[in-house]
Amino acid sequence: MTPITEVEGRRVALSNLQKVLYPETGFTKGELLHYYATTAGALLPHLRDRAVSFLRYPDGPEGQLFFAKNVPPGTPEWVTTAEVVRSSSEGPARMVVVQDLPSLVWAANLVTEFHTHQWLVRKPDEADRLIFDLDPGAPATVVDCCEVALWLRERLAADGIEAYPKTAGSKGLHLLAAVRGSSSERTSEYAKALAVEAERAMPRLVVHRMTKSLRPGKVFVDWSQNAARKTTATPYTLRARALPMVSAPVTWGEVEECRAPGQLEFLADDLAPRLQDHGDLLAPLLDPGRAGELP
C-alpha cells in the first residue's frame with residue numbers, strides 16, 4: 001500500500017521510499033523527499049508564482065529522463081496551476097505552479113528537477129530575472145567559469161545591476177540578477193550584447209555562440225536562457241547526475257577563491273549546513289527594491 005503523509009493539512013501519497021536513485025552513493029527516494037522538505041524554506045520562494053517544468057528521472061539519472069511541462073495526470077486539485085503561452089506555435093498550456101510545502105512534496109515524489117521561467121505567471125510579459133548560464137567546454141572547467149563570472153559581475157555592476165552566483169549542479173555556473181521594467185525579448189538582447197562583449201574582452205576563454213565546434217576549452221556564455229519560453233534549473237534543485245548534486249547558491253568569495261572544480265560541487269547533504277551558515281544567498285533576488293533596470 002502506498003503510504004500517505006499529511007503535509008500542512010494536505011494528504012500526499014508517497015511511493016518507493018527505499019528505492020535507490022543514485023547508485024554511487026545509495027541516495028534513496030526517501031532521502032530526496034527529506035532533502036526537499038528540509039530545504040523548502042529557501043527553495044519555495046524561488047518557485048512561488050512561476051510555472052514549473054519538471055525534468056523527471058523516476059528510475060534515477062541512469063534511467064529515462066524526460067521533461068514534463070503540462071500538468072501531470074493525477075495532480076491533486078489543491079495544486080495550483082496556470083495557463084501559460086509557451087510559444088506562438090504551441091499555443092497555451094496548463095502548467096504547475098509550486099506555491100507551498102504540500103505541492104513541493106507532491107512534486108518531489110515524482111522525482112524531478114525543478115526548472116522555472118524568468119518571469120512570474122501574473123506578469124508573463126515582464127522579465128524579472130536576468131540569467132547567464134556559463135557552460136565550460138572540456139578541458140575548461142567551472143574554474144574558468146568563475147573567471148568569466150567575475151568579469152560579468154563587474155560589467156553588470158557598471159549598469160547598476162547586481163548579480164548573484166549559483167552552481168549549475170553539474171559542471172558550470174549560473175549568474176542571476178533581479179531586473180524590472182523589461183520584456184524577455186529586451187532582456188535577451190541585453191544579455192546577448194554582454195556575452196558578445198565578454199567574448200571580445202576574453203577571446204581565448206569565452207564564446208557566445210552555441211556552435212559545438214567553437215566550445216572546446218572555452219566557456220559558453222549562454223544568454224538565450226532569458227527567452228520567455230526557456231526554463232532554467234531553479235536554485236536548490238537536485239540534478240539528475242551520477243551524484244545527488246544540487247544547484248547551490250555560492251558566495252562571491254567562493255567564486256574568487258575557486259582553484260579546482262571540486263570546490264564548487266555540492267551534494268544534498270551539504271545544503272543544510274550551508275543554509276545554517278549563510279541563509280539563502282539568493283534572497284536579494286526576491287526584493288523588488290533591489291531589482292536593476294536595464295540601460
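Bear in mind that the values here come from a model prediction, so they are computed numbers and not experimental data.
- Here the side chain of Asp133 pairs no donor or acceptor atom with the backbone of Gln225 at under 3.5 angstrom.
- Comment: Arg11 does not engage Glu6 in a salt bridge, judged by the lack of any side-chain N to carboxylate O separation of less than 4.0 angstrom.
- Residues Phe266 and Leu264 form a side-chain contact, since some pair of their non-hydrogen atoms from C-beta on lies under 4.5 Å apart.
- With contacts defined as side-chain heavy-atom distances shorter than 4.5 Å, the pair Val85/Arg229 does not qualify.
- Between Leu14 and Leu33 the shortest side-chain heavy-atom distance falls below 4.5 Å.
- Within a 6.0 Å sphere centred on NZ of Lys230, other residues, nucleotides and ligands contribute more than 12 heavy atoms.
- Salt bridge status for Asp59 with Lys19: present, with a side-chain N to carboxylate O gap under 4.0 Å.
- Ring geometry, Tyr236 versus His46: the interplanar angle falls from 30° to 60°, so the pair is classed tilted.
- Using a 4.5 Å heavy-atom cutoff, the side chains of Asp128 and Leu120 are in contact.
- With Phe220 as the aromatic partner, Arg209 does not meet the cation-pi criteria of under 6.0 angstrom to the ring centre and within 45 degrees of the ring axis.
- Within 6.0 Å of the CZ atom in Arg180, the count of heavy atoms belonging to other residues, nucleotides or ligands exceeds 12.
- Figure legend: cation-pi geometry between Arg50 and Trp119 absent, as NZ or CZ is not positioned both under 6.0 Å from the six-membered ring centre and within 45° of its axis.
- Counting only heavy atoms from C-beta outward, the side chains of Leu271 and Val246 approach each other to under 4.5 Å.
- No more than 12 heavy-atom neighbours from other residues, nucleotides or ligands sit within 6.0 angstrom of CD on Glu147.
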